[in-house]
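Below is one structure; the comments refer to it alone.
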4 protein chains.
Amino acid sequence: MQVTKTARKPGRALTPEERQTKTQQLLDAALDVFLERGFEAARLDEVAKRAGVAKGTLYLYFASKEALFEDLIRSLIASPIQEVGQRMLAQDIPAEMMLRGLLNWAKKEVLGTRRKDIARLIISEAGRFPELGAFYHREVISRGTAVIRAIVTRGVERGEFTSDALDRFPQLLIAPVLVGIIWNGLFSHVETLDTDGLLDVHADLIIRGLKGGAA
Amino acid sequence: MQVTKTARKPGRALTPEERQTKTQQLLDAALDVFLERGFEAARLDEVAKRAGVAKGTLYLYFASKEALFEDLIRSLIASPIQEVGQRMLAQDIPAEMMLRGLLNWAKKEVLGTRRKDIARLIISEAGRFPELGAFYHREVISRGTAVIRAIVTRGVERGEFTSDALDRFPQLLIAPVLVGIIWNGLFSHVETLDTDGLLDVHADLIIRGLKGGAA
Amino acid sequence: MQVTKTARKPGRALTPEERQTKTQQLLDAALDVFLERGFEAARLDEVAKRAGVAKGTLYLYFASKEALFEDLIRSLIASPIQEVGQRMLAQDIPAEMMLRGLLNWAKKEVLGTRRKDIARLIISEAGRFPELGAFYHREVISRGTAVIRAIVTRGVERGEFTSDALDRFPQLLIAPVLVGIIWNGLFSHVETLDTDGLLDVHADLIIRGLKGGAA
Amino acid sequence: MQVTKTARKPGRALTPEERQTKTQQLLDAALDVFLERGFEAARLDEVAKRAGVAKGTLYLYFASKEALFEDLIRSLIASPIQEVGQRMLAQDIPAEMMLRGLLNWAKKEVLGTRRKDIARLIISEAGRFPELGAFYHREVISRGTAVIRAIVTRGVERGEFTSDALDRFPQLLIAPVLVGIIWNGLFSHVETLDTDGLLDVHADLIIRGLKGGAA
DNA sequence: AATGAATGAGTGTTCATTCAT
DNA sequence: TATGAATGAACACTCATTCAT
């Protein structure tokens, strides 16, 4: 997580890109510290040190610790999930493959990247930042559930699925993703969870459940 | 929340039971405050006030804020899940019913009580208390997974289940419980999740998955 | 201005008098520092040091720097002027003697005590504390002007004075008191002003003015 | 307040007049801010913004905030009072008229202009700038008192005045000017003082006092 | 045993000052 | 000459911890 120290230029105006770059460096450092310590325990001194700037510099980019935290979360919550969903739905493949595609995407793009850390940060802290919770719900959660519902509905219409369980509770599809994130956040030192295997088995199980038998 | 003010004894010596009772009062007050604010933001002033004692008194019972927090979590992590599991296994009922029984127990005894809040506290804070994570894993998680595995194994042996998915990843059974806890912790103001419905549908789905069809 | 260090008693509850005494010690220290540096430049560290307490202790007695300042001013603005005025008016002496009595009182009780410093503090800072200005006006100024007016009115009624100048502008009586305060606050190193002489001459001059001649 | 933005010359060398002009612009902006906030609370950011320059530019013209303040006060303390006094003394008019002329000048040129604010600034802040106090005394006060003394002496010599009160304490003449300045600085929201009336009545009263009767 | 006043290190934040451009 | 981004010491205020009573 070392920050590539850009040459110090106390002088002339920053171009928008330079400012953007610097902002990103600060956010990177902030993410590290917030992840390690949580919002309250995170020290701006530490953030500044890791970003290689003076503490005062932070305030040229963010109005307060809280603003830094919120900007951080916002900047990280791009919601590519919707795009993935659209791509899936655009193809003419079985709904089953769509759901598997979604979970594979989660394996690669969430559990395999920093996004999992961000999710953990949100899970830990959003309780005390209600606006942030609402924001996350609007930008990520509601879009994700919409995509899942669309896929399942199509699967039911086409006769692939006999159950509308995921239409009623799309959360069931991503529940194991959450478990993976939390588990490895809390217990990785004790017993690492093979999240890829977890999601593979989950996919099989839930697909079987949706296709159902006599039940 | 409820401070049963015991008569103040300015004098000498507490019997072990008295000390036990007082300790419990302090822990009760501490739980409230830690739940509302999280570890860092929790104020010992507030804990003392709610317990109806002076701040200094806390230090007669707990060595530090951190010790208080850890003692609190430890005291809360009794692991009734194992007992429930044993009770299930002791009966001669289908494995399916055992799994459903486990989820119903979770509905009533976790999501329906303060245990859900405690779980959320652990999820939020245990990252910074590695020992506590290990402790929780040992006392609760590993026992829970053992119970699930035992049930599933029996189900497979008896021919009820065709899949050993839950033997490999028992986490899949309780994943929706976690989702329920987190969701209502973060988004209840925006969109409340019907956790009972969630778990019912989950039960149906996973049982169907385990029983499998042609697959 | 050394504070008489009371024995440190970190222990049991303070009696109201003890608390009162301590509060007074803190206010004494605060007055010194505010006088030397002004509100903004005054350092609470310095106040605490002079009072012989830790910085945090200040906050057990005052909610903030601003509250400390306001409490300080309030505690200092007892308004004995009214009492003096009443005493004067109760006697059956010439109005001239009353005015002289007032100015002598100012010499002794204002210019000769810390009250002059307080006045200077108010003059310097009240511009940024409007409430304090209003408070001072209500508690001190308006009462003082009322007393002066009462005396002058009586003087006119009794035929002692031919001019009602001080009834219209009672400020003219105390203007030299202000000058004395400010002068010695600003120029005492350069040229000390004999404020006693100033007020004596002022008394003579204004009395002559009020008694008037043909003019 | 009014920022006459001079054309930016990114290039070289300022003529002495240009430098002079710019310096004046900075001082103008500084005066506004110091008047509004006082020395400590004044922000150089604000000064720079109002002057339409970058904060760093201030340091090309003034060595520090303190130097800026002192230069500002120095630049404002031109002492027209002496000139007025000389003009008075040059005329062959009664000393009474000279004193009245002085007070009328104060009404128009001090209380009626920004000079009153500057005086208040000095009164409030000079306590912490001893050099400034000495400078002000030398440039303004001593000259003013000299003028008053000269007038009164002439008045006594010519038999106009029977009292040398103002020779001993020339401060008595300008005391009400001070009161006017301070009063309206502190209490104008509560009770505005009619400073013109105040000085008129003061003039009458003091003249009568100086002319005296039997006394 | 219980108190609660006292402590003081530590935090977020500000702002006069610097200096590479 | 002018800039303005960067600095970092300094401050008001907090709060876990201590200890004389």
Side-chain angles (χ1 to χ4, degrees), chain A residues 7-14 18-19 22 40-48 52-66 68, chain B residues 8-14 18-19 22 40-48 53-66 68, chain C residues 7-14 18-19 22 40-48 52-66 68, chain D residues 8-14 18-19 22 40-48 53-66 68:
Chain A
R8 302 291 174 60
K9 299 181 187 171
R12 298 276 343 195
L14 258 47
E18 282 172 329
R19 186 171 174 88
K22 190 107 187 201
E40 285 275 351
R43 299 296 160 229
L44 293 190
D45 264 323
E46 183 70 16
V47 174
V53 303
K55 196 160 40 155
T57 304
L58 286 175
Y59 286 83
L60 298 177
Y61 292 82
F62 308 97
S64 67
K65 186 185 185 182
E66 197 160 315
L68 168 59
Chain B
R8 300 289 174 65
K9 306 195 177 175
R12 290 294 124 74
L14 253 51
E18 283 173 331
R19 186 170 174 88
K22 190 108 184 202
E40 281 279 344
R43 300 294 160 233
L44 292 191
D45 263 323
E46 184 70 16
V47 174
V53 303
K55 195 160 42 153
T57 304
L58 286 175
Y59 285 82
L60 298 175
Y61 292 82
F62 307 97
S64 68
K65 186 185 185 183
E66 201 161 310
L68 168 59
Chain C
R8 302 291 175 61
K9 301 180 187 173
R12 297 273 345 193
L14 257 46
E18 283 172 329
R19 184 170 175 90
K22 189 108 188 199
E40 284 273 353
R43 299 295 158 230
L44 292 190
D45 263 323
E46 183 69 16
V47 173
V53 302
K55 194 162 37 158
T57 304
L58 285 175
Y59 287 85
L60 297 176
Y61 292 81
F62 308 98
S64 67
K65 186 185 185 183
E66 198 160 315
L68 169 58
Chain D
R8 301 289 175 63
K9 307 196 173 170
R12 291 294 123 75
L14 252 50
E18 282 173 331
R19 186 172 175 87
K22 190 110 184 200
E40 280 277 347
R43 299 293 160 234
L44 293 191
D45 264 322
E46 184 69 16
V47 174
V53 303
K55 194 162 40 156
T57 304
L58 286 175
Y59 285 82
L60 299 176
Y61 292 82
F62 308 97
S64 67
K65 186 185 184 184
E66 201 161 310
L68 168 59

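Each chain gets a letter, A, B and so on, in the order its sequence line appears, and its residues count up from 1. These numbers were taken from a predicted model, which means no experiment stands behind them. These numbers come from the heavy atoms of this one structure, side chains and all, not from hydrogens, waters or symmetry mates.
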Within the structure shown, what part of the strands sits under 4.0 Å from [X] by heavy-atom distance: base, sugar-phosphate, or nothing?
{"X": "C:Ala63", "answer": "nothing"}
{"X": "A:Ala41", "answer": "nothing"}
{"X": "D:Ala48", "answer": "nothing"}
{"X": "C:Tyr61", "answer": "sugar-phosphate"}

Does C:Tyr59 make a side-chain N or O approach to OP1 or OP2 of E:dA5 shorter than 4.0 Å?
no
Open item on the list: Below the 4.0 Å mark, does E:dA1 have OP1 or OP2 next to a side-chain nitrogen or oxygen of B:Lys22?
Closed with: no
Output the rounded distance in Å from [atom1] ([X]) to [atom2] ([N]).
{"X": "D:Leu58", "N": "E:dT18", "atom1": "CG", "atom2": "P", "value": "13 Å"}
{"X": "A:Leu14", "N": "E:dT21", "atom1": "CG", "atom2": "P", "value": "12 Å"}
{"X": "C:Arg19", "N": "E:dA5", "atom1": "CZ", "atom2": "C1'", "value": "10 Å"}
{"X": "C:Glu18", "N": "E:dA6", "atom1": "CD", "atom2": "C1'", "value": "14 Å"}
{"X": "C:Leu44", "N": "F:dA10", "atom1": "CG", "atom2": "C1'", "value": "13 Å"}
{"X": "A:Glu46", "N": "E:dG12", "atom1": "CD", "atom2": "P", "value": "11 Å"}
{"X": "A:Glu40", "N": "F:dT14", "atom1": "CD", "atom2": "C1'", "value": "12 Å"}

The side chain to side chain contact (heavy atoms under 4.5 Å, CB included) partners of C:Tyr61 (sequence neighbours excluded) come to C:Leu14, C:Arg19, C:Lys22, C:Thr23, C:Leu26, C:Thr57
Residue set satisfying side chain to side chain contact (heavy atoms under 4.5 Å, CB included) with B:Ala41, at least two apart, ordered chain then number -> A:Glu40, A:Arg128, B:Arg37
Closest listed nucleotide, where the reference is the side chain of [X] and the choices are [options]:
{"X": "C:Leu60", "options": "F:dG8, F:dA5, E:dA6", "result": "E:dA6"}
{"X": "D:Ala54", "options": "F:dA5, F:dG4, F:dA12", "result": "F:dG4"}
{"X": "C:Arg43", "options": "F:dT17, F:dC11, E:dA2", "result": "F:dC11"}

Between D:Asp45 and A:Lys65, the residue closer to the 5' end of DNA chain E by nearest nucleotide is A:Lys65
Between A:Thr57 and D:Thr57, whichever has its closest DNA chain E nucleotide further toward 5' is A:Thr57
### Message
Tell me whether the side-chain N or O atoms of A:Lys55 pair up with the base of E:dT13 as donor and acceptor below 3.5 Å, since no angle test is needed here.
### Response
yes
In terms of heavy-atom contacts, D:Leu68 and D:Leu44 come closest through CD2-CD2, 4.0 Å
d(D:Lys55 NZ, D:Asp45 CG) to nearest 0.5 Å is 3.5 Å
Pairing string of DNA chain E (Watson-Crick or G-U wobble, both atom distances under 3.5 Å; | = paired to other strand) is .||||||||||||||||||||
